[in-house]
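Before any comments, here is the structure.
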Number of protein chains: 2
Amino acid sequence: MERQVPIDFVDERLNKGLARTGLRFTAQRRHIYSKLLEKGDHPSADEVFMRAKSDMPDLSMATVYNTLDTLVKCGLVRQVNHERGPTRYCSNMEKHHHFHCTTCNGVFDIRSDPESGEPEIHMPPGFEVLQFEILFRGICPECAAKQAAEANA
Amino acid sequence: MERQVPIDFVDERLNKGLARTGLRFTAQRRHIYSKLLEKGDHPSADEVFMRAKSDMPDLSMATVYNTLDTLVKCGLVRQVNHERGPTRYCSNMEKHHHFHCTTCNGVFDIRSDPESGEPEIHMPPGFEVLQFEILFRGICPECAAKQAAEANA
DNA sequence: GTCAAGACTTGGAATAAGTCTAAATATCAG
DNA sequence: CTGATATTTAGACTTATTCCAAGTCTTGAC
């Protein structure tokens with residue numbers, strides 16, 4: 001299940017992401033990010049902490065939370081919240097969707113078909129979809145109006 | 001913003017829902033459910049508590065949590081979790097999707113076009129969509145296999 | 001109607017997840 | 001190398017939710 005992620009790849013991505021936002025490159029950020037990429041699953045902050053701590057024993061939980069937030073801000077990681085419970089993190093930034101198993105609570109990536117430009121979904125075999133929901137994110141009319149008013153002030 | 005919800009309507013729905021699962025009709029369940037229907041928004045448990053408590057001062061927070069879970073089980077209410085933060089509740093059970101405003105954190109219902117059978121989405125004017133995600137729920141291959149094995153045992 | 005059995009509600013204690021704070025440490029530009 | 005600033009850390013704190021045990025209400029049987 002473990003993926004070998006070349007450290008240069010981690011460094012390059014991380015550097016780019018951090019540079020974009022003027023943040024610093026640190027050993028902790030590199031370590032946590034590489035742990036996320038290594039196993040491309042959807043761990044909670046707690047799971048990230050345990051995985052990362054085994055190789056970096058002085059790491060603190062606060063740093064894990066800080067770093068995860070940082071990675072999200074840098075656009076290197078997505079937050080995933082589909083249910084009551086701890087936030088999970090997803091290091092796959094390719095356009096994709098999620099499948100949430102209501103039995104084991106697992107989260108699986110479902111990629112949009114990369115061939116076609118269309119948002120065609122290719123559900124991998126074995127997944128039984130009982131329900132789906134589309135979640136839009138953006139700016140609501142009221143907030144958009146406020147922002148427009150401020151811009152004109 | 002308040003909707004007048006005829007109490008008979010509340011009672012009928014609630015009765016049906018509870019009957020399906022063998023649960024009892026109580027004053028608290030009726031009260032909380034009618035509060036949810038009255039203002040068709042997406043309140044957190046805490047907000048529900050405050051709204052409901054004003055008319056029913058002895059109501060406890062524990063009952064609000066219990067009742068919300070009960071209503072979810074009865075299929076009268078949906079849980080909504082799109083971000084880190086308290087769970088929200090949605091009493092609109094018609095097929096629809098959600099828009100999450102990243103500025104004010106508000107949640108808005110986006111209905112699937114009811115005319116066409118197609119999952120065509122009609123985004124109301126003023127909403128600026130920056131991103132969207134499809135969330136599937138169901139059973140993953142591993143859990144499905146386990147269930148099948150158990151069924152054959 | 002009365003009663004027992006079980007369902008429901010309640011307040012408060014307990015837990016889990018995440019945030020905040022202030023001091024120590026690391027990084028970077030010059 | 002040094003100062004300015006960003007980052008990390010441990011632990012206290014807050015918030016959201018769950019658990020628990022005692023009391024109350026509902027219901028069906030008589």
**OP:** Please lay out, stage by stage, how A/Arg13 and A/Asp8 fare under the test salt bridge (charged side-chain N to carboxylate O under 4.0 Å, His left out).
**Re:** CA-CA 8 Å; A/Arg13 287 233 188 173; A/Asp8 292 348; over 6 Å; no
Original post:
How about B/Phe136 and A/Phe127: are their ring centres within less than 6.0 Å of each other?
Top reply: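 Ring centroids of B/Phe136 and A/Phe127 are no less than 6.0 Å from each other.
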Original post:
Below 6.0 angstrom between ring centroids: does that apply to A/His98 and A/His96?
Top reply: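 For A/His98 and A/His96, the ring centres are under 6.0 Å apart.
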Subject >> Flag for B/His97-B/Asp109: side-chain donor and acceptor within less than 3.5 Å >> reply: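 Checked: B/Asp109/B/His97 side chains show no N/O donor-acceptor pair below 3.5 Å.
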Original post:
Can you list every side-chain hydrogen bond (donor to acceptor under 3.5 Å, both in side chains) pair that touches residues 54-74 of chain B, not counting sequence neighbours?
Top reply: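 Non-adjacent pairs meeting side-chain hydrogen bond (donor to acceptor under 3.5 Å, both in side chains): A/Arg84-B/Asp69, B/Lys35-B/Asp55, B/Ser60-B/Thr63.
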Subject >> 5' to 3' contact window, DNA chain C with chain B (heavy-atom distance under 4.0 Å) >> reply: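 Here the contact window of chain B covers C/dG6 to C/dT19.
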**OP:** Note down the inter-axis angle between the two ends of the helix from C/dG1-D/dC30 to C/dG30-D/dC1, five pairs each, to the nearest 10°.
**Re:**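 One end axis against the other gives 40°.
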Original post:
For DNA chain C, which residues in residues 65-85 of chain A have a heavy atom at a distance below 4.0 Å?
Top reply: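 Going residue by residue through residues 65-85 of chain A, the ones with a heavy atom under 4.0 Å of DNA chain C turn out to be A/Tyr65.
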**OP:** Could you list by number each residue of residues 42-56 of chain B showing a heavy-atom separation from DNA chain C of less than 4.0 Å, or answer none if no residue does?
**Re:**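 Result for residues 42-56 of chain B: none.
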With the side chain counted from C-beta on, respond yes when [X] and [Y] share a heavy-atom pair under 4.5 Å apart, and no when they do not.
{"X": "B/Pro124", "Y": "B/Ile110", "result": "yes"}
{"X": "A/Arg111", "Y": "A/Glu94", "result": "no"}
{"X": "A/Tyr33", "Y": "A/Leu76", "result": "yes"}

Subject >> Atom pair distance, as rounded to whole Å: CG in A/Asp58 and P in D/dT9 >> reply: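 From A/Asp58 CG to D/dT9 P: 7 Å.
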Subject >> Distance, rounded to the nearest Å, where B/Met61 contributes CE and D/dT17 contributes C1' >> reply: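 Nearest whole value for this atom pair: 8 Å.
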Subject >> Stepwise side chain to side chain contact (heavy atoms under 4.5 Å, CB included) test for A/Leu23 and A/Cys74 >> reply: CA-CA 9 Å; A/Leu23 300 168; A/Cys74 292; 4.2 Å; yes
Original post:
Is the shortest side-chain N/O distance from A/Thr63 to OP1 or OP2 of D/dT8 below 4.0 Å?
Top reply: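 For D/dT8, OP1/OP2 do not have a side-chain N/O of A/Thr63 under 4.0 Å.
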Subject >> Test log, rule side chain to side chain contact (heavy atoms under 4.5 Å, CB included), inputs B/Phe25 and B/Asn15 >> reply: CA-CA 7 Å; B/Phe25 188 99; B/Asn15 255 324; 3.6 Å; yes
Original post:
Under 6.0 Å from the CD atom of A/Gln147, do we count more than 12 heavy atoms belonging to anything else shown?
Top reply: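 Atom CD in A/Gln147 is packed in, count exceeds 12.
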Original post:
CD of B/Glu142: more than 12 outside heavy atoms within 6.0 angstrom?
Top reply: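 Counting neighbours around CD of B/Glu142, 12 or fewer heavy atoms of other residues, nucleotides or ligands fall under 6.0 Å, so no.
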Original post:
Are B/Lys16 and B/Glu12 ion-paired here, with the side-chain N under 4.0 Å from a carboxylate O?
Top reply: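 Salt bridge: yes.
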Original post:
When you measure from the side chain of B/Arg20 to the backbone N and O of B/Gly75, does any donor-acceptor pair fall under 3.5 Å?
Top reply: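 Not at all, since once roles are kept as given, no pair shorter than 3.5 Å links the two residues.
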**OP:** Pull out every residue in residues 13-26 of chain A that has a heavy atom closer than 4.0 Å to any atom of DNA chain D, ordered by number, or say none.
**Re:**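 Only A/Leu23, A/Arg24, A/Thr26 qualify.
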Original post:
Should A/Leu135 and B/Leu135 be marked as a side chain to side chain contact (heavy atoms under 4.5 Å, CB included) after you check the CA-CA gap, both sets of side-chain angles, and the distance that decides it?
Top reply: CA-CA 7 Å; A/Leu135 170 56; B/Leu135 169 56; 5.9 Å; no
